[in-house]
Amino acid sequence: MLAPHPPGPSVHRGYSWPGLEKVSQTIYADGEEDKQAASSEDFAQQPNVWLPEDVLPGFREFTTRFYWRCFDAAKELLRALALGIGLDDEDFFLRFHSGVNNQLRLLHYPPVERERLARNEIARMPAHSDWGTITILFQDAGGGLQVEDPNQQGHFVDATPIANALVMNVGDLLMRWSNDYLKSTLHRVTLPTLAPSQDSGGEPSMTAPRYSIPYFVSPDPTAVIECLSACTDAQNPPRYPPVTQEEYRKVRARGQYL
Ligand SMILES: O=C(O)CCC(=O)C(=O)O
Ligand SMILES: [Fe+2]
């Protein structure tokens, strides 16, 4: 193993093999390890785990550049969200996000038997919400990502791939900030929507592999997330107590909700 995932389920770095997280094959990379080590203890405990440079020349440099490019796009979204929520200060969210606590994941879902996936005997990724502020997601053309209809529990709709478009998920912390005005929806990855004949020419009883790249945008660990007054009033009091990102991450890593 050239870039092994560190022990324990809550540290997301390096290569994570199928089954480790009940997900699939993933490579995690986080921003810039120099910055992390310098910026907080937390990141010193979670240094990146890179492949040796000669195994995949340029991977580290490219991935790091891509990480910060994604953050540029995310900052535009955070500004738009601030205005959409009704804040006067479009930079409000930026003050809580230096970018070092984001996470870039390169996901590979190997081919699986269609029947078993259809019968829910295996899941590509079970239903969950993301923990951070927002997630931006790049997905291939195969389909399979579904989002729960917030008005109809248990009813999932396809997030059909659109060429050159990214998907943006609202995470739990933006839901808390906005006092449920923006919902962090449950989503999952299931059977590809592409017909077997359109798959990449493999076995018809097997799905094609799936590739996706989520970029999780999280506040800095010490940021306090508190329901915004723009989203609360007498009829709509704050639904959540203030919490730091670090506290919330730990609670969710234990499989709990606050
Ligand atoms: O692979 C996908 O499209 C979804 C990934 C996802 O939801 C996640 O990693 O949190
Ligand atoms: Fe997700």
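Just follow the structure's listing: the first ligand is 1, and inside any ligand the first atom is 1. Sequential numbering from 1 along the given sequence is applied to the chain's residues.
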Phe138 atom CZ, over 12 foreign heavy atoms within 6.0 Å: yes
Give the atoms of ligand 1, by number and element, whose distance to some non-hydrogen atom of Leu107 is under 4.0 Å. 1 (O), 5 (C), 9 (O)
With heavy atoms of Pro214 as the reference, note each atom of ligand 1 found under 4.0 Å away. 9 (O)
Below 30° counts as parallel, above 60° as perpendicular, anything between as tilted: where do the rings of His108 and Tyr211 land? parallel
Leu137, portion touching ligand 1 at heavy-atom distance under 4.0 Å: side chain
Using heavy-atom distances, let me know which of His187, Gln103, Gln146, Arg105 sits nearest atom 7 (O) of ligand 1. His187
Should the heavy atoms of other residues, nucleotides or ligands under 6.0 Å from CG of Asp233 be counted, would the total exceed 12? yes
Taking atom CD of Glu121 as the centre, report whether more than 12 heavy atoms of other residues, nucleotides or ligands fall under 6.0 Å from it. yes
One finds that the ligand 1 atoms under 4.0 Å from a non-hydrogen atom of Phe216 are 8 (C), 9 (O), 10 (O)
Name, closest N/O/S atom of Asp130 to the Fe ion (ligand 2): OD1
Tell me the protein heavy atom at minimum distance from atom 4 (C) of ligand 1, and give that distance in Å. Val189 CG2, 3.7 Å
For the residue pair Leu173 and Val243, what are the closest heavy atoms and their distance? CD2-CG1, 4.5 Å
Look at the side chain of Tyr67 and the backbone N and O of Asn102, then say whether any donor-acceptor pair between them is shorter than 3.5 Å. yes
Within reach of ligand 1, part of Asp130 (heavy-atom separation under 4.0 Å): side chain
I need the minimum non-hydrogen distance between Cys227 and Arg176, along with the two atoms involved. SG-O, 3.3 Å
Taking only non-hydrogen atoms of Arg210, do any sit less than 4.0 angstrom from ligand 1? yes
How close does the nearest protein non-hydrogen atom get to atom 8 (C) of ligand 1, and which residue and atom is it? Met125 SD, 3.5 Å
In this structure, would Leu117 and Met125 fall into the same cluster of hydrophobic residues linked by side-chain contacts under 4.5 Å? no
Starting from atom 10 (O) of ligand 1, find the nearest protein heavy-atom neighbour and note its residue, name and distance. His128 NE2, 3.0 Å
What atoms of ligand 1 come within less than 4.0 Å of a heavy atom belonging to Tyr109? 1 (O), 2 (C), 4 (C), 5 (C)
